[in-house]
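Let me begin by presenting the structure, written as C-alpha cells, before commenting on it.
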2 protein chains.
Amino acid sequence: MEQNPSKKVQILESALELIKENGFHGCPISQVAKQASVAAGSVYTYFESKDEMILELYTYVKTEVAKKISEKDDPKKNFEARFFDLWNNVTSLYREKPAFQSFLDQFSSSPYNTEAVQLECDPLGQWLEAFFKEGVESGQLKALNPKIISIMVLGSLISLVRFTTYFKAKTASAAQDLHLIPQMVWDGIKFQS
Amino acid sequence: MEQNPSKKVQILESALELIKENGFHGCPISQVAKQASVAAGSVYTYFESKDEMILELYTYVKTEVAKKISEKDDPKKNFEARFFDLWNNVTSLYREKPAFQSFLDQFSSSPYNTEAVQLECDPLGQWLEAFFKEGVESGQLKALNPKIISIMVLGSLISLVRFTTYFKAKTASAAQDLHLIPQMVWDGIKFQS
DNA sequence: AATACGTGATTGAACGTTCATTCACTCATT
DNA sequence: AATGAGTGAATGAACGTTCAATCACGTATT
C-alpha cells in the first residue's frame with residue numbers, strides 16, 4: 001500500500017478550514033484529523049510534524065493561487081483590460097476561497113514566514129513580475145521596476161480584500177464604492193502622457 | 001496599594017515584544033510575566049484573562065499609533081505635502097516600532113479581530129477619514145468617498161511596510177526604488193485636471 | 001485457486017510537556 | 001490591625017507526538 005495523495009490533500013484542506021475559522025491556535029492535530037476523517041496518528045504518515053504540515057500547506061495554497069490566476073489571463077487583450085481582469089480574478093478567487101486568503105494572510109504575518117521560506121519558489125510573484133514587466137516594456141506603464149509595481153498593486157489588492165473580509169462592519173457604508181479602487185491603482189501605475 | 005499603571009504598561013510592552021518575536025503562539029503568560037519582571041499570577045491582577053490582555057493590547061497600540069500620526073501632521077502645509085508627510089510618518093513609525101506593526105498585522109488577521117472589536121473606537125481610522133475628506137472637499141483629491149481613499153492608501157502603505165519587513169529577501173533588489181510607491185499612490189488619488 | 005507471508009498504512013490510547021489559571025500565602029502601606 | 005497588590009507552586013486541561021497493535025492489500029508458494 002502506498003501513501004494516498006488524496007488523503008494528504010484531505011488533511012491539508014481540513015487544516016486550511018480550521019485555520020480560517022479559528023486561526024493557528026485553533027487547529028490542533030486532533031481536530032485536523034477528525035475533520036479529515038483520519039486518526040491523529042495518520043497525520044504523521046504524511047507529515048513529519050505539525051510545522052512541516054503548515055509549511056506544506058503554504059506551498060499548496062501558493063501554487064493553487066498562482067495556477068488559477070495565471071490561467072485566467074488572456075494575453076490577446078490589451079494591457080489595461082488584462083490589468084482589470086487580474087484585479088477581478090484575484091478578488092473573486094479570494095471571495096470564492098476565503099480560506100486561501102485567510103491562511104496566506106495569517107501565515108505571512110506569523111513566525112512561520114522565515115527568510116528561508118521567502119526564498120522558496122513563488123510562482124505568483126514571478127508571474128506578476130513578468131506581467132508588469134510586459135506593461136512597462138510596451139510603454140503602457142510608468143518606467144519603473146516591475147517588482148515595485150507588483151508590490152504596490154498586490155498590496156492595495158490584498159488590503160482591499162482584507163478590509164472587506166475582516167472589517168466588514170467598517171466598510172459597509174463604503175461598500176458600493178469599492179470598485180473604484182482598481183481605477184485609482186491603475187491611475188497610479190499607468191504611463192502618463 | 002493601588003494597581004500600578006506603569007506595571008500594566010510593562011506587561012503590555014512585554015507581551016508586544018514576545019508577539020513580535022514569536023507570534024501569538026510564543027507568548028505564554030509565564031514568559032510575559034518574566035520579561036515584565038512580575039510573577040505570573042500578577043498578570044491576573046491587571047487582566048481578567050490572557051485574551052483580555054491581548055484585546056487591551058490592541059486598544060493600546062491603536063491609540064499610540066493614532067496619537068503619534070495625528071500630532072505630526074502640520075495643517076498649515078499644502079495638502080500634497082501633508083500626504084507625503086503622512087506616508088513618511090507611518091513608515092518611520094513602523095520602522096521605529098516594529099512590534100507595533102507586527103502586532104497589528106497579526107491581530108488583524110487573527111480570530112481575535114471579531115466584528116465586535118472592529119466596531120470599537122478606531123482613532124487612526126477616524127483621523128485618516130477626516131484628513132482625506134479635507135482633501136476631497138478642497139478639490140485636491142478625486143471626488144470619492146474618503147473612506148475608500150483611506151482603504152486604498154492605508155492598504156498600499158501597510159503592504160509596503162509588510163513587504164519590507166517580512167519579505168526582506170525578496171525586495172532587496174528593489175529596495176532602492178521603494179520610495180516611488182507614495183508617488184504612485186498620490187497619482188492614483190489626486191484630482192486629475 | 002487457495003493459502004500464507006510481508007509490507008506499510010491506519011488506528012487511538014498513552015506519554016510527557018506546556019499552558020492558562022488558581023489560590024493560599026507574604027508583605028509593604030495605611 | 002486591615003487592606004490589597006504581589007507571589008509562585010500547584011492544578012488540570014489541552015496539546016503534539018509516539019507506538020504497539022491492527023488492518024488491507026500485493027505477492028509468492030503450494
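Chain naming here is simple, since letters A, B, ... match the order of the sequence lines and numbering starts at 1 in each.
Partners of A:Gln140 under the side chain to side chain donor-acceptor pair (under 3.5 Å) rule, at least two apart in sequence or in another chain, do not exist in this structure. Take B:His179 and apply the ring-ring contact (aromatic ring centres under 6.0 Å, His included) test, not counting sequence neighbours, and it matches no residue. Under the ring-ring contact (aromatic ring centres under 6.0 Å, His included) criterion, A:Trp127 pairs with A:Phe131, not counting sequence neighbours. For the ring-ring contact (aromatic ring centres under 6.0 Å, His included) test, no residue two or more places apart in sequence or in another chain qualifies with B:Phe100. Annotation: ring-ring contact (aromatic ring centres under 6.0 Å, His included) contacts of B:Phe191 (sequence neighbours excluded): none. Partners of B:Asp85 according to the side chain to side chain donor-acceptor pair (under 3.5 Å) rule, which considers only residues two or more places apart in sequence or in another chain, are B:Lys77.
Out of D:dG6, C:dA9, D:dT7, the shortest distance to the side chain of B:Ala39 is found at D:dT7.
Put simply, CD on B:Gln10 is 10 Å from P on D:dG6, counting in whole angstrom units. Residue B:Glu48 contributes atom CD, which lies 14 Å from atom C1' of C:dT22 at whole-angstrom precision. Atom P of nucleotide D:dA24 and atom NZ of A:Lys7 are separated by 11 Å, given to the nearest angstrom. Here C:dT10 presents its P atom at 12 Å from NZ of A:Lys8, a figure rounded to the nearest Å. The distance from atom CD of B:Gln31 to atom P of C:dT21 is 16 Å, rounded to the nearest whole Å.
Ion pairing between B:Glu120 and B:Lys62 holds under the 4.0 Å rule for side-chain N and carboxylate O.
Residue pairs meeting the salt bridge (Lys or Arg N to Asp or Glu O under 4.0 Å) criterion with at least one member in residues 32-57 of chain B, sequence neighbours excluded: B:Lys8-B:Glu56.
Contact annotation: B:Lys34 side-chain N/O to D:dG8 OP1/OP2 distance is not under 4.0 Å. In terms of phosphate contacts, A:Ser42 brings a side-chain nitrogen or oxygen within less than 4.0 Å of OP1 or OP2 of C:dT11.
Residue A:Val38 is classed as a sugar-phosphate contact, given heavy-atom separations below 4.0 Å to backbone atoms only.
Axis deviation across the helix from C:dA1-D:dT30 to C:dT30-D:dA1 amounts to 10°, comparing end segments of five pairs, rounded to 10 degrees.
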Report task. Can you check each nucleotide of nucleotides 13-20 of chain C against protein heavy atoms at under 4.0 Å and return B for base, S for sugar-phosphate only, - for none, in 5' to 3' order? Result -> ------SS

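Put simply, the residue from A:Ser102, A:Ser110, A:Ser108 that forms a side-chain hydrogen bond (donor to acceptor under 3.5 Å, both in side chains) with A:Gln106 is A:Ser102.
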